[in-house]
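For reference, the structure is listed below as structure tokens.
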Protein chains: 2
Amino acid sequence: MAQPKKAASIWDVARLAGVSHQTVSRVVNGSPRVAAATRDKVLDAIAELGYRPNRLARSLAGGAVESVTVLTADTSLYGPEAALRGIEKAARSLDWSVQISVLDPADTHSDADIVARLPRAGEPTIIMAHDEPGMRAKQVLLDTQPQAMVAIGPYTAEELAASPWLVGMDDGKAAAEATKYLLDLGHRTVHHLAIPTSTGTFGGGKAHRAEGWARVLREAGREVPDPVPSGWTISEAFKAVQPLVADPSVTAILCGNDNLALGTMRAAHLAGRSVPGDLSIVGFDNTPFSAYTTPALTTVNQDFESVGRGAFELLRHRVDGSNPRPKPSWPEPELIVRETSGPPRSRS
Amino acid sequence: MAQPKKAASIWDVARLAGVSHQTVSRVVNGSPRVAAATRDKVLDAIAELGYRPNRLARSLAGGAVESVTVLTADTSLYGPEAALRGIEKAARSLDWSVQISVLDPADTHSDADIVARLPRAGEPTIIMAHDEPGMRAKQVLLDTQPQAMVAIGPYTAEELAASPWLVGMDDGKAAAEATKYLLDLGHRTVHHLAIPTSTGTFGGGKAHRAEGWARVLREAGREVPDPVPSGWTISEAFKAVQPLVADPSVTAILCGNDNLALGTMRAAHLAGRSVPGDLSIVGFDNTPFSAYTTPALTTVNQDFESVGRGAFELLRHRVDGSNPRPKPSWPEPELIVRETSGPPRSRS
DNA sequence: CCGAGTGATGTTAACGATCACTTATATTAT
DNA sequence: ATAATATAAGTGATCGTTAACATCACTCGG
């Protein structure tokens, strides 16, 4: 039944309580310099008017910042989605608000476009830098407001050392482990169905997972087959992986993520190849569905939610330096062996 | 290399261009009352300083609103996530910004807590009202700022007529169709693995999908088995559905969403029941993975993204009345028959 | 040749808060 | 009693923008 008139401001509260607006501000912000009696009067007035501070005005006036903007390209991907969840949780616990803005890979964003996403100059920002638009945005903000940005992405130890604004996991190492596991199982080599690289064009930019995989094969003296490029979606993977499942000499495929693995399983099934008998499949990310496919997917667990939280903490540190520089702290990627991987069928 | 000094304001631009700040404002907002020469001067100054308007200040000053807050309980669910994507796209195309705030089902939010999520009183808000916290938030905002809120949720025709702030799909009808389909296939009855109801306690609140299912069974004069309550996650479904898959008299299960269906498929597999031979399974939502499970899941497609876009348009209409009252326009839910459903094995 | 109309700018006052001071009152020390 | 010091509350400026109104220089019709 509230009249849709207009919200109460700090002045309305002050008038009703018979004090100055500044005193109201003190009460709202929990200043100790206010008499108990006055505080109660103000609190009553606040309750009666249903007053609540306008955050916009607050941050305009130079109060606490209390907001983060997340720039991401693909919210339907499990990784970014989980990381976003982590950011949101961490932010909420401190009463920060979270804005999201999606970078559409379809349209080309000028640098100005990207910056225009932010509600104001210097807005604290977290970028999901796992693909081309994300990398682009990362670069723009790095040039514009390096102190108020953090990027989430895969990294190598050297990259992390060089980039105090980077948070993420060592994808290369995780991929290496998974590859080693398959080799130890007795596979002659391991094929790779790869997620798009950060530059969009395969072979161009960084591809941490692919690099880790290739390194292990090289070190083991095995043949390094050409990685097969795929898009992010299951259906793209399904199409891309066809030549691999059709080739009986392929006995193990490391997939760039669980979506790709699911597409691969389906393709293998339709091609009449049994998993893991004829073909071992390993995914990446430990997406919720991966434990419930049949056969259940062997994959690499990644705690994206913790990474998101870590990114938020780092950002907070960089923006106001209040909290101590947080150390990245989350479980290392870990191989979870389920049912889609096994030794190759002994040949001849 | 930008000095992290401080962002340029409209005054800085004005000074550099040798005009008043208001003229800059006119240029920025595309007012026609500005001489071409002046406009150019201002534009140059803007470019030189890298100026961009501060949205906070803008909306404080009574400018266009340009922001929506989305209140949701579970971003990991496909429906809300897709709807959020739709909202974000629609918002972005109009240069609105999107805030999200997650209602944690774990903690109990007081009404004040919920309102405190909003950056300011009267903030345009979209609520995902598919569970208890969402319904609660819906009610609070309905009391507080009915003009600036829209809820997304399942509805029946009557509910929609009564609630000009509601957007969503007719889940009951969709569930009815799926049930009818299974009955037509020859199943004696259809069991139901149900998502949590909007009040959290099963049997309490609305459960549109369950109602549609039950109605069809009743109308067909079939036995209406007790629906089996499940949580939202695959693992909860896997546990909850055990009695159903263990019972050989159960030949068809309508699942409240595709996650539950996946859990059911897995449970059926482990129980040694073949799908669809021994057991038909139908899901809900047409989650991306559903086409790629083996066997591929029969499910009900829902265009959540369009619903999200519709919610945004409706909100915009309600907030400023500028655009015409949008009519809900998106595809009806549609049954997609794939491989998990078929006629029951002829008994005896 | 002058008042009205028009187009391009400038001026001032919000918007809703915080911050840095200043002032008034109460308490304590000398 | 008086100065020194806390403590409580008020005043005014400020943040970056927009809205509303004021001003100024022209042009035009009578």
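In what follows, every chain begins at residue 1, and chains take the letters A, B, ... in the order their sequences are listed. Every value quoted in this text rests on a predicted model; they were computed, and no experiment measured them.
Nearest nucleotide to the A/S25 side chain, out of C/dT18, D/dT17, D/dT11: C/dT18. Relative to the side chain of B/A35, the nucleotides D/dG16, C/dT18, C/dT9 differ in distance, and C/dT9 lies closest. Nearest to the side-chain atoms of B/R58 among the listed nucleotides C/dT9, C/dG10, D/dT18 stands D/dT18. Comparing D/dG10, D/dG16, D/dA20 by their nearest atom to the side chain of B/A61 picks out D/dG16. Here D/dA9 is the nucleotide among C/dA13, C/dA17, D/dA9 with the atom lying nearest to any side-chain atom of A/T38. With C/dA20, D/dT18, C/dG16 as the choices, the nucleotide that has an atom nearest any side-chain atom of A/N54 turns out to be C/dG16. Of the listed nucleotides (C/dA20, D/dT17, D/dA20), D/dT17 has the atom at the smallest distance from the side chain of B/A57.
Rounded to an integer number of Å, the gap from B/E66 CD to D/dT17 P is 13 Å. Here D/dA8 presents its C1' atom at 9 Å from CZ of A/R33, a figure rounded to the nearest Å. Between the C1' atom of D/dT17 and the CZ atom of B/R120 lies a distance of 14 Å, rounded to the nearest Å. Between the C1' atom of D/dT14 and the CD atom of A/Q22 lies a distance of 13 Å, rounded to the nearest Å. Put simply, CZ on B/R55 is 19 Å from C1' on C/dG16, counting in whole angstrom units. Distance, B/I10 CD1 to C/dT11 P: 15 Å, rounded to whole Å. Nucleotide C/dT18 holds its C1' atom 14 Å from the CG atom of B/L56, rounded to whole Å. For B/R39 and C/dA8, the CZ to P distance is 9 Å, given to the nearest whole Å.
Side-chain atoms of B/R26 come within donor-acceptor range of the base of C/dG10, with a qualifying N/O pair under 3.5 Å. Between the side chain of B/H21 and the base of C/dT9, no donor-acceptor pair under 3.5 Å is found.
A donor and an acceptor atom, one from each side chain of A/S59 and A/E66, are nowhere located under 3.5 Å apart. Counting only N and O atoms by type, the side chains of A/Q99 and B/S97 include a donor and acceptor under 3.5 Å apart.
A donor-acceptor pair is defined here as one N or O able to donate and one able to accept, closer than 3.5 Å; no such pair exists between the side chain of A/N29 and the backbone of A/S31. In terms of modelled atom types and a separation under 3.5 Å, the side chain of B/S93 and the main chain of B/A90 share a donor-acceptor contact.
A salt bridge is defined here as a Lys NZ or Arg NE, NH1 or NH2 lying under 4.0 Å from an Asp or Glu carboxylate O, and B/E305 with B/K89 meets this definition.
B/R52 comes within contact range of the sugar-phosphate backbone alone, with a heavy-atom separation under 4.0 Å but no base atom that close. B/V19 comes within 4.0 angstrom of the backbone, heavy atoms only, and of no base.
Mapping B/L60 and B/T23 onto DNA chain C by nearest heavy atom places B/T23 at the nucleotide closer to the 5' end.
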